[in-house]
Amino acid sequence: MHSTTPWWRSAVIYQVYIRSFADGNGDGVGDIAGLRSRLPYLEQLGVDALWINPWYKSPMADGGYDVADFREVDPLFGTVTDAEQLIAEAHRHGIRIIPDIVPNHTSDQHTWFQAALAAGPGSPERERYIFRPGRGPDGAEPPNDWVSCFGGPAWTRLPDGEWYLHLYAPEQPDLNWQHPDVHADFESILRFWFSRGVDGFRIDVAHGLVKDPELPDLPPLLDSADGPRHHIQHPHWDRDEVHAIYRTWRKVADEFEGDRCFVAEAWADTPERLAAYVRPGGLHTAFNFDFLMASWDAKDLRAVIDDSLAMLHAVGAPATWVLSNHDVMRHTSRYARKTVARWVPNERYQPEGNVDLELGTRRARAAALLMLALPGGAYLYQGDELGLPEVEDLPESVLQDPIWERSGHTDHGRDGCRVPLPWSGQSAPFGFSPENAPAEPWLPQPANWGERSVEAQTGDESSMLELYRTALRIRRENPALGDGTMTWLDAPSGVLSFRRDPGFVCVVNLSTEPYRLPDHTSILLASGPVTSGLLAPHQAAWLAA
Ligand code: NOJ
């Protein structure tokens with residue numbers, strides 16, 4: 001099936017947060033060797049491709065998103081040869097490989113930044129980054145009022161008096177995309193990895209590369225809480241000029257055989273703005289964060305689905321759907337709050353409310369069936385298939401996310417969704433490291449994670465893992481699923497019901513009352529027991545109809 005359309009229009013892509021997936025060399029940190037050893041698991045799970053978080057040489061100030069050399073793999077994870085072997089081996093398992101690329105910034109240890117520091121103010125070396133004199137007496141004030149996404153000002157001052165821009169940590173200076181060297185080097189990096197067989201790239205901060213050359217202060221905030229969403233021309237986010245870069249990147253991808261593809265991490269104010277990234281001649285796909293951010297509410301979800309599909313259809317691009325990633329609280333825990341408000345990234349990493357994981361798990365099971373039935377592709381974050389919750393009680397002494405320090409210890413950051421996976425056994429590291437070298441994992445795993453391990457869930461028909469395995473098998477076999485269209489069916493408020501042709505219906509009950517399933521010939525899969533044709537609250541079913 002799907003043989004006439006490119007694979008990425010329907011793909012289920014599994015996100016590997018490499019330092020937490022599987023440790024092959026026994027140092028407590030996941031690596032390429034560990035990932036290779038688990039390829040049979042991923043094939044059996046039934047995913048089409050892996051998006052792998054940055055594996056490049058890095059001082060790890062931001063979990064590898066501070067890249068010192070894009071043509072080297074960090075020794076923590078392996079070597080370029082290991083990466084080549086992984087790519088070849090994954091292909092033999094029928095799994096494609098999509099690494100991350102991080103074009104907005106480098107590490108402060110990158111040779112370009114080190115050269116810029118050494119060369120001093122006014123030098124050509126500094127032009128590859130964004131250096132400026134300060135404002136105010138003695139230039140002691142930052143050049144403008146931009147803020148770092150991790151907290152604090154987006155500028156750091158050097159001993160020679162100049163300031164440099166970093167929209168993230170000070171160890172991540174922003175590149176200057178007005179500079180031809182930056183364009184040329186990234187095109188060469190793309191070719192370096194494409195020629196080693198990667199099938200595409202996930203583009204980090206794809207919406208941030210181009211800054212207003214005047215570097216003006218931020219515009220006043222428009223309060224759009226209750227009104228329609230609108231776009232504000234921003235000095236550094238989602239500027240129109242960014243698309244020219246991706247048109248060139250698309251040509252680079254098209255130089256290579258096979259369907260290579262890009263997925264943009266682009267945060268845009270409106271679905272129209274997001275769709276601009278995936279116009280013909282631009283990128284192939286973009287993450288649909290509106291789906292991840294939606295509340296657990298039928299009306300909100302339906303609006304997000306409709307808006308996304310309409311905008312993407314207008315430019316001929318497929319939708320992608322995602323519930324969790326390494327930057328947000330795991331959805332089992334988000335949904336464990338009675339009322340799930342719209343998720344606001346960066347502003348609220350720890351939503352309030354009592355945590356009812358039983359409720360969160362029921363909703364997460366239903367959400368998985370919803371997501372995997374929608375037209376387009378889908379992203380799974382490692383551990384989604386195990387129903388892992390956020391680890392909300394990590395001791396402060398172990399926190400590593402720069403957000404913890406940069407927020408002045410007010411925001412615990414993203415480590416709670418990055419805890420190493422439990423594979424087997426009843427005590428840490430739960431098979432994360434080799435049996436003969438059971439190192440302490442880089443973040444501690446909860447003592448009860450043996451219950452959620454791959455081993456514990458395998459063969460248990462009621463487990464999250466078996467739900468995902470069955471759903472992915474059905475999705476592969478059923479011609480109605482993946483790329484295509486959908487039609488809403490009549491349903492009371494609180495229930496989402498839609499048809500995919502030929503012969504498939506998905507029903508999700510987000511209400512507080514049981515819902516009688518529409519006419520069907522059989523139940524293909526349900527997220528919980530269906531008795532007397534009634535779908536319980538927080539459950540979903542796939543029907544042949
Ligand atoms: C987005 C990545 O997903 C996140 O983990 C990282 O901290 C920032 N970009 C900066 O690279």
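Order of appearance sets the numbers: ligands from 1, and atoms from 1 within every ligand. Quick caveat: nothing in here was measured; it's all calculated off a predicted structure.
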Worksheet entry | Asp185 and Arg128 ion-paired at < 4.0 Å | no

Response to the item:
Quick note on ligand 1: atoms under 4.0 Å from a heavy atom of Arg418 include exactly 5 (O)

Response to the item:
Near His105 (heavy-atom distance under 4.0 Å), the atoms of ligand 1 are 10 (C), 11 (O)

Item to complete: Below 4.0 angstrom from a heavy atom of Val205, which ligand 1 atoms are there? Numbered from 1 as shown, please.
Response: 9 (N)

Worksheet item: Are Arg126 and Glu162 within salt-bridge range, i.e. N to O under 4.0 Å?
Response: yes

Fill in: Verdict with reasoning, Tyr56 to Phe77, per ring pair (Phe, Tyr, Trp, His ring centres under 6.0 Å)
CA-CA 8 Å; Tyr56 312 107; Phe77 304 133; 9.7 Å; no

Worksheet item: Does the Asp23 side chain pair with the main chain of Phe432, one donor and one acceptor, at a distance under 3.5 Å?
Response: no

Worksheet item: By number and element, which atoms of ligand 1 are closer than 4.0 Å to a non-hydrogen atom of His326?
Response: 2 (C), 3 (O), 4 (C), 5 (O)

Discussion item. Salt bridge check, Asp327 against Arg418: does any charged N sit closer than 4.0 Å to a carboxylate O?
Written reply: yes

Worksheet item: Can you find a side-chain donor-acceptor pair between Asn288 and Thr320 that sits under 3.5 Å?
Response: no

Worksheet item: How does Phe150 reach ligand 1, by side chain, by backbone, by both or by neither, if only non-hydrogen atoms under 4.0 Å count?
Response: side chain

Worksheet item: Are the charged groups of Arg19 and Asp27 less than 4.0 angstrom apart, N to O?
Response: no

Discussion item. Using a 4.0 Å heavy-atom cut-off, which part of His166 comes near ligand 1: side chain, backbone, both, or neither?
Written reply: neither

Worksheet item: Hey, is ligand 1 close enough to Asp327 that some N/O pair sits below 3.5 Å?
Response: yes

Fill in: Electrostatic pair Asp69-Lys57, nearest N-O below 4.0 angstrom
no

Discussion item. Which residue and atom name correspond to the protein heavy atom nearest atom 8 (C) of ligand 1, and how close is it?
Written reply: Tyr168 CE2, 3.8 Å

Worksheet entry | Atoms in ligand 1 flagged as close to Arg414, the criterion being non-hydrogen separation under 4.0 Å | 4 (C), 5 (O), 6 (C), 7 (O)

Worksheet item: Going by the order shown, which atoms of ligand 1 are within less than 4.0 Å of some heavy atom of Asp62?
Response: 6 (C), 7 (O), 10 (C), 11 (O)

Response to the item:
Nearest non-hydrogen protein atom to atom 2 (C) of ligand 1, with distance, is Asp204 OD1, 3.1 Å

